[in-house]
Amino acid sequence: MSWHKTLAVMRKEFWHITRDRMTFSLTLLSPLLILVVFGYSFLVEVKDVSTAVVDLDQSDLSRRYLAALEQDDTLMFDQHPVDQDAAEKAIKDGQAKIALIIPDDFDEKLTSGSGLPLTVLIDGSEPHAANVAMVYVNNQTKRFIADVSAEAGGPPLLAPVELTIEPLFNPDLKPINGTIPGMIGMALSFVGVAVCAALTREKELGTFEGLVATPIRRPELLIGKLIPYVGTGFIAILLCVLVAVYGFDVPFQGNAVLLILLSFIFLFALQAYALLLSLFFQTQQAAMLVTMLIFMIPPFFLSGLFIPIIVMPWWIRIEAMMFPVTPFVIIMRGLFLQDFGLAQLWLPTLIMIVTGAGVMVLAILLFRKRLQTGWLDWMLSNVPMPAAERKLLERWLYR
Amino acid sequence: MTATILRVLNLVWKELTHFIRDRALTPMILFGPVTELILIGIATSGDIDHLPTAILNRDPGGQGAVLVQMLEASPIFDLDYEITDEAQARDLLTDGKITAALIIPAGFTQALSGPLEAQPTEVQLWLDGADTFAAEAAHFGAEEIVDTFAALVSSDWLNESGISLTSFEEPTIHVLYNKELKKSFYELPAEMGIMLYFVAAGVASLGIARERERGTWEQLLVTPMRPIEIVVGKALPAIPVAYAVFLMMLTVSLVGFGLPMRGSWLLLLVVVFLYILVELGVGVLISSISRTQIQAFLLVAMLMMIEFIFSGYIFAVDTMPPAIRTLSNFVPMKHGLNMQRSILLRGVGLDALWPNILMLLALGAGIVAVATLALRRRLD
């Protein structure tokens with residue numbers, strides 16, 4: 001292992017990155033864009049839900065009830081169909097998300113205490129908005145009935161038990177605080193994709209042959225190629241952290257040195273995977289489309305960002321932990337919100353190191369300095385099989 | 001004209017041969033999206049439940065035990081730990097072993113047998129706020145259980161005091177089209193939309209950028225084909241690929257995840273074809289401004305992020321601020337998704353969808369015009 005040669009490859013790769021300004025800035029900016037886009041979407045509240053109102057009663061009480069529902073801007077009464085059928089049609093056509101139908105005996109039944117005649121229709125095809133609207137209507141209705149009942153001298157309807165919540169680590173239970181730190185890890189997957197593409201590029205353009213002719217050895221070449229991308233990724237992480245702290249007001253409570261150290265480990269693990277994947281591809285097109293599918297989308301659901309890891313069955317948990325982004329999400333949350341140090345974070349850190357190193361070794365072993373079609377070739381020359389079958393397989397592969 | 005078509009078809013044939021020959025790319029492009037769809041379907045079908053929970057019951061009386069029993073009966077909580085003090089709860093939360101800890105105070109039963117007008121008794125729920133989605137699920141779950149418990153207690157009170165129970169009614173709410181509010185019914189069409197964009201724009205733009213990067217573009221230019229024919233010929237093969245992917249994803253959604261199909265098949269198939277065409281145009285536009293495959297790819301991915309937020313992939317666009325709502329009309333995926341969801345879930349017909357179709361057509365025409373201009377400048 002000669003550092004001299006590694007440095008030479010590093011310099012070459014660094015030039016590649018910085019000369020191609022567009023790619024460089026896109027690699028740096030795409031993680032930021034992802035962070036801003038998703039961060040923003042968590043700040044957006046469900047508001048002004050289109051509502052169709054049918055008031056067949058037209059009494060003071062029904063008007064008061066509707067006013068109670070309209071007072072904050074969760075619902076927006078913008079459709080006024082004539083009857084229930086028309087209201088259903090409005091929901092079907094997507095003009096209204098919710099319909100309130102007040103029958104003509106609303107006042108009568110409510111004041112006589114014989115029930116609450118009211119039909120609420122909700123469009124379930126958008127579950128999130130539907131849920132918010134449902135909870136809102138339920139709460140406002142309960143409050144309204146309590147008011148009406150108290151005015152009529154009825155029993156006080158106080159709930160004898162109340163739940164108070166005490167969220168540790170995130171006092172206001174803001175979703176954005178839990179999401180943004182972990183999101184940084186996912187956003188960084190772009191850098192992984194870029195690495196994979198850069199490694200495949202040499203193969204596709206044929207410059208790989210030039211490298212083979214040099215006296216450089218496998219680890220020297222690979223590490224030299226990876227370090228510049230680790231650097232780029234690191235700048236991207238720093239930018240993301242700045243956006244998180246100053247743009248989205250996510251508190252950072254942990255240790256900045258630890259953040260830097262663990263970010264480097266994460267980037268190495270990520271790029272080990274990119275390296276391993278790149279061995280399987282001959283063209284950048286394939287490398288990029290496939291790594292995108294592998295790096296971006298499963299982590300979306302397995303990283304614990306949106307679906308908590310804690311509720312997954314153990315075998316999915318193990319699978320999830322194999323993606324370096326999953327332990328990194330735990331680490332980032334720990335650093336941002338929980339003021340954790342290595343004492344609490346040693347396990348995810350260890351997992352990242354072990355999987356990263358393991359994959360890196362595997363990649364170096366599989367990586368051959370010869371020009372090959374990658375894993376198919378490797379299988380072909382390493383799996384024992386009769387000569388006739390080998391010939392058939394070769395013909396199928398290289399026809 | 002016939003000559004043009006023949007030349008284009010020749011190129012399409014060449015491209016399809018490339019595609020079929022590529023043994024790493026082809027299976028991934030064809031089956032990758034379906035695999036993603038299955039993953040996402042599984043991930044969004046389940047509720048967030050069986051949250052590991054600790055219980056600290058300081059109440060020696062019966063009411064605390066009743067509440068614990070109700071909690072135990074709920075699928076949302078798994079009572080894994082019984083603890084004896086708050087420090088333990090904090091440790092378990094810090095170690096990430098539990099999502100929530102419920103703390104029932106010492107005088108719980110006594111407080112509940114007090115007079116009607118007394119202050120409400122507090123039950124505390126400690127949460128791991130770092131895992132916000134789990135914490136929220138635990139919060140809403142616990143709230144519902146405590147509400148039910150409170151109603152039980154107060155109905156006992158009222159019965160004892162001889163007041164009849166009439167006004168404890170909740171409004172009847174009918175959820176249409178998705179009775180159980182399944183998230184998967186929302187996400188599956190969304191995933192189809194994003195994957196179609198990815199396949200159509202990705203395959204088209206990378207195909208063109210690749211010829212450029214390798215220098216084979218020049219070779220194509222010296223053939224009798226006109227530049228515009230080359231671009232069309234390079235882009236067209238993405239259509240059958242994307243459409244095949246769509247049919248596979250649709251089958252999996254309908255058969256595997258029980259996604260309903262309530263509208264017209266013909267309308268759905270036509271509308272999706274139109275959507276693929278427009279996204280293909282986006283791919284051509286991208287390829288006209290990028291010189292290398294990495295650039296093309298990163299642009300595809302960045303645009304995907306923009307489509308993510310403006311199309312209602314995660315949250316409905318209708319409930320977003322007016323400025324975003326207006327902007328979203330210029331994002332093809334918004335119309336694509338809206339139409340897919342409307343046809344599949346609500347069975348909407350052409351009468352309500354024509355604005356989406358018109359807008360998609362207009363966007364498509366605009367994109368093709370810009371792409372042609374950009375390409376002409378670059379090619380000549």
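Chain letters run A, B, ... following the sequence lines, proteins first, then strands; residues in each count from 1.
No other option in T292(B), L298(B), V175(B), I306(B) has as many heavy-atom pairs under 4.5 Å with chain A as L298(B). Of all the listed residues (L345(B), D131(B), L353(B), D78(B)), the one sharing the greatest number of non-hydrogen pairs under 4.5 Å with chain A is D131(B).
A salt bridge links R201(A) to E213(B): at least one charged side-chain nitrogen sits closer than 4.0 Å to a carboxylate oxygen. No salt bridge links R333(A) with D128(B); every basic N to acidic carboxylate O contact stays at or beyond 4.0 Å. Comment: R346(B) does not engage D93(A) in a salt bridge, judged by the lack of any side-chain N to carboxylate O separation of less than 4.0 angstrom.
Neither the backbone nor the side chain of F336(A) comes within less than 4.5 Å of any heavy atom of chain B. V193(A) touches chain B through its side chain: at least one heavy atom from C-beta onward sits under 4.5 Å away, while N, CA, C and O do not. With a threshold of 4.5 angstrom between heavy atoms, I91(A) approaches chain B through its backbone and through its side chain. Of the two parts of L305(A), only the backbone, made up of N, CA, C and O, holds a non-hydrogen atom closer than 4.5 Å to a non-hydrogen atom of chain B. For F310(B), no part lies near chain A; criterion is any non-hydrogen pair under 4.5 Å. Neither the backbone nor the side chain of K179(B) comes within less than 4.5 Å of any heavy atom in chain A. For chain A, no part of S342(B) is nearby; none of its heavy atoms comes within less than 4.5 Å.
In this structure the side chain of F140(B) never reaches within 4.5 angstrom of the side chain of V135(A), judged on heavy atoms. Using a 4.5 Å heavy-atom cutoff, the side chains of L121(A) and L176(B) are in contact.
Here L181(B) contributes atom CG and S125(A) contributes atom OG; the two are 10.0 Å apart, rounded to the nearest 0.5 Å. Distance check, rounded to the nearest 0.5 Å: OG1 of T132(B) to CZ of F169(A) gives 13.0 Å. Here F297(B) contributes atom CZ and T291(A) contributes atom OG1; the two are 6.0 Å apart, rounded to the nearest 0.5 Å. Between the NE2 atom of H174(B) and the CG atom of D123(A) there is a distance of 15.0 Å, given to the nearest 0.5 Å. The CE atom of M302(B) sits 5.5 Å away from atom CG of L29(A), with the distance rounded to the nearest 0.5 Å.
Here the closest non-hydrogen pair linking Y177(B) and E88(A) is OH-O, 4.1 Å. Here the shortest heavy-atom pairing between A130(B) and L337(A) reads CA-CD1, 3.7 Å.
Using a distance-only test at 3.5 Å, with no hydrogens or angles considered, a donor-acceptor pair links the side chain of N178(B) to the main chain of G124(A).
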